[in-house]
Amino acid sequence: MSPALPREILIHTIAGLLDGVRHVAVGASSPIPAAGAMLRRALDEAAREVRLSILGSVRHNFFTNGSAELFDSAAQGRLDAFFLGGGQIDGQANVNLVGTGDYPKVDVRWPGSFGSAYLYFTVPKVILFREEHSPRVMVDKVDFISAPGTSPPGVYRPGGPVALLTSRCLFGFDRARPGFTLASLHPGQTLDDVRQATGFGFAHDPAPPTTPGPDAATLRLMRGRILEELAETYPAFAADWARDLAAHAPEGATA
Amino acid sequence: MSPALPREILIHTIAGLLDGVRHVAVGASSPIPAAGAMLRRALDEAAREVRLSILGSVRHNFFTNGSAELFDSAAQGRLDAFFLGGGQIDGQANVNLVGTGDYPKVDVRWPGSFGSAYLYFTVPKVILFREEHSPRVMVDKVDFISAPGTSPPGVYRPGGPVALLTSRCLFGFDRARPGFTLASLHPGQTLDDVRQATGFGFAHDPAPPTTPGPDAATLRLMRGRILEELAETYPAFAADWARDLAAHAPEGATA
Amino acid sequence: MTSDLARLARRIRPGMTVALPVDYAGVSMAMTRPLIDNGAGDLHLICVPTGGLQVDQLIGAGLVRRVETSAVSLGEAGGAPRFNAAVKAGRIEILDATCPAIHAGLMAAQKGVPFVPMRGLIGSDVLARRPDWRVIDNPFAAAGDPIVLIPALCPDVAIFHVPMADRSGNVWIGRRRELAAMAYAATETIVTAERIVEDDLLADETTAAGTLPALYVTAVAEAPRGAWPYGLWGAYPTDTDALKRYAAAARTEDGFAAYMGSEVAA
Amino acid sequence: MTSDLARLARRIRPGMTVALPVDYAGVSMAMTRPLIDNGAGDLHLICVPTGGLQVDQLIGAGLVRRVETSAVSLGEAGGAPRFNAAVKAGRIEILDATCPAIHAGLMAAQKGVPFVPMRGLIGSDVLARRPDWRVIDNPFAAAGDPIVLIPALCPDVAIFHVPMADRSGNVWIGRRRELAAMAYAATETIVTAERIVEDDLLADETTAAGTLPALYVTAVAEAPRGAWPYGLWGAYPTDTDALKRYAAAARTEDGFAAYMGSEVAA
């Protein structure tokens, strides 16, 4: 079997971050988080049920009370994990989904804050996921706080960020300090690469570990059942993944 | 045709009080208000639609959002008229549905306030309807205010009582004074009868008019279609009404 | 079935707050006897928004410390005898409410907020007798505008009966959305169903529209005619004669005991 | 059909507040062109809770003064070009919200209260930029506990598309309960439906469970494929290619005008 592809490292890392969750929700255009959640579900299925809600999907929608129900379920403590992206993410884990420059007549306008200003407060495990890891995304200070990374004492906040996963590395988040700590570098990345790509300071070991990939059994599960499950909802992404796999297959294993 | 029965006078009077409403709700055990509303609906059907909700009924329930929807529809100004009874009703139109004596260890306990403490405030035409007209019901001051008849300035109150209908008479209610005014005496009642049966003071003409009964066409409508419609939801009441009619039918008209 | 219901009843522990639905919405009468046999008392009942036979029987059995309700009655069969007697004797604490205040408290729990505001109430003894409710001045109004705040009602358990459930624990509540509101607000939800169906209720958009998802359902058991003597919409009507038999018997404590020893056990 | 839709569109008058649903909930795209032809502008749009193609086209047509929303985008087809351009140029006022705040505002209107509280938001610029929202100290907490109050959102009109409606004006919304929330909150509700059915949707408990009653529906017209290029659950999927064609064309004002002059009118 060929070694894990970059996207497979991400999917596997997400499944690890979701360890212990009972219910995870992902956005409509989030195939990698969805694949990570599907992997978590598959790994845990002997032990317990992991529920996966894909927003906007009919098939992966077990809500029956309209689009408010996701937020209500978070309010009730029935949603354990959620993913947030962001046009900008800063070192305090503030996220900006609105735009750059002076609000409201911004220079670049993004769609808007969606549910971030609520779910970031109420979902215990919020995983920041943004593949692009560059100084324009990972900034010192966001231009607009769609949702703050931390809150002062006295503010009701059972939830918040636990990690930031990018195409380069995985950060943990320390709510007390507050700030990010480099947890691991993805294969091929150096500490220096990450430093240069990151507009905010972060804590790190002198020699950070490499993000572990899936073992062979897990990789087989991913390339078999998970790829198949994913294709139902994200056909374009699944086809792309399958093409990548074919391109990287060892000689003689190609058709 | 035999003259109007006492219950027919009540039904006809209610239909008159409901003039102009678009949506009226009645309680599950309120056949006379329901019949009045059905008569209103029949009288108006050429001109416009009158909606009738019977609480707890499956057939006459066009709500689909559970038992909160009645109150929400009142909040939205979509419910024009409602009926309230009361173990005690006083001269300020305060109603008591809880009990007599010292709360909470009351001497007599009634079921409770139901939705009165909300609907009395929000429904523009609340018709107080209690057949028993005696000093123990029509009191000077209720022992427990389930819902007050009036509110001081500054309290949000688009709704409130417009009338009190009993087996003896019809009162109007003046929110400004506040107090009841005798509008008419039902056939056979005298001002003195009503005075003696009423524990609160009320305004009145020296010679109050008699409550008008339905004309012949209306009476035919009531004894035909309305009786039939009513029988679907209140079979016992409808059968009783039909028995009364048979007993009062003129000689030669009986079978 | 009986052992299933007993298993469900064991989830109820002394001192819990238990939400129960109105007569016509799907009362799990089938659970009443198992709850009494289970014996967990000191219960705080929340009637959504009013109570009837089940509430009266749990009170008669001595399991209830407090009732929060907009009313308790047997409808056409008259007053609720054990409730009325217990209130008059001061044996239970009564928190008199009004229907939309119960709905408001559950909505607050559903939304994860400490309170929601509600119109009406001002000047009533319902409000005067509820020190747990607050009146504030509406901060959005220019002039004074008092408004009541109803705190969240967070039941430990909701218990109700539905026409059908599927094998995954999804339950069909139709247009009785107050059952969903109870489940959203409650930590656990126990459901009895007329029948368990093999189809996934969420797989079809028509049935999904009336389905409370398994996410909110802790345990389900089959209980044919499980609302009796109450009716179940679309299934069977209320057995008013049975309610009247109970009402007559339960006028006295002895009569109640005799009734519970015979009819319900049968 | 076209004249029916034009009749519906005439209910919209300049300056009205109009609530529109999220992409996947049933957008009445069939009404977009009649709304533009009707010409009533100066509109305040409320996106429930986010907006897409319809919002972008109404903005492009110059009918919009203000947008209250949690986001506007074309989903897989990218950013909303006319919205983005109008915001950057300051041609429309933007009231940035977050999804549950929109739901909360509609809920306040549904319940007839001036506000409802909501968790989250504190410390965000979403809150900082909304002087119409308030922060109070939770009156039920012993220590300080700031909480945001969202004022009621009361649309003049809600407009959406559903799979079916009956002759009485009842409309089937399935599990898209946000459509009901919009209708409860709005003064008037305009609905387009894939088809008009002869059966009474309220007569059967299964369809009744997913039905918004005619009480809330001002006008209905038939509009087959009325959500296109958006999909309608259980009926047809989103036509992403069509969305991408629009996204490409509408990058410029001229491109938008050309697109609206051709594709939509066809």
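The chains referred to below are lettered A, B, ... by the order of the sequence lines, with proteins before strands, and numbering in each begins at 1.
Proximity to chain D is absent for every atom of A:V142, based on heavy atoms less than 4.5 angstrom apart. Neither the backbone nor the side chain of D:M107 comes within contact range of chain A; no heavy atoms are under 4.5 Å apart. The contact between A:S67 and chain D is made by backbone and side chain atoms together, counting heavy-atom distances below 4.5 Å. For D:A181, no part sits under 4.5 Å from any heavy atom of chain A, backbone or side chain. Only the backbone of D:A89 comes within contact range of chain A, judged by heavy atoms closer than 4.5 Å. Heavy atoms of A:D107 lying under 4.5 Å from chain D belong exclusively to its backbone.
A:E232 CD: more than 12 foreign heavy atoms inside a 6.0 Å radius. The local environment of CZ in A:R7 is crowded, with over 12 non-hydrogen atoms from other residues, nucleotides or ligands closer than 6.0 Å. Heavy-atom contacts from other residues, nucleotides or ligands closer than 6.0 Å to CZ of A:R177 number more than 12. A 6.0 Å sphere centred on CD of A:E132 holds more than 12 heavy atoms belonging to other residues, nucleotides or ligands.
Looking only at side-chain heavy atoms (C-beta outward), A:F71 and D:C99 come within less than 4.5 Å of each other. Side-chain atoms of D:I122 and A:Y156, non-hydrogen and from C-beta on, never get closer than 4.5 Å to each other. Between D:P146 and A:V155 there is a side-chain heavy-atom pair separated by less than 4.5 Å. Contact of the D:L121 side chain with the A:Y118 side chain is not registered, since no non-hydrogen atoms from C-beta on lie closer than 4.5 Å. Side-chain contact between D:I94 and A:R109 is present, with at least one heavy-atom pair separated by less than 4.5 Å.
Smallest separation of non-hydrogen atoms from D:D125 and A:D143: OD2-O, 4.4 Å. Of all non-hydrogen atoms in D:S124 and A:S146, the two that sit nearest each other are CB-O, 3.5 Å. Nearest heavy-atom pair, D:R177 versus A:T64, reported as atom, atom and distance to 0.1 Å: CG-O, 3.5 Å. Here the shortest heavy-atom pairing between A:S113 and D:V126 reads OG-CG2, 3.5 Å.
When the candidates A:S116, A:G112, A:P111, A:G101 are compared by the number of heavy-atom contacts under 4.5 Å with chain D, A:P111 comes out ahead. No other option in D:E76, D:R175, D:E93, D:K88 has as many heavy-atom pairs under 4.5 Å with chain A as D:R175.
Once rounded to the nearest 0.5 Å, the distance linking CH2 of D:W233 with CG of A:N61 reads 11.5 Å. With values rounded to the nearest 0.5 angstrom, D:R129 atom CZ is found 11.0 Å from A:I145 atom CD1.
Judged by distance alone, the side chains of A:Y103 and D:D96 do bring a donor and an acceptor atom under 3.5 Å apart.
For the pair D:T98 (side chain) and A:F114 (backbone), a donor-acceptor distance under 3.5 Å is present.
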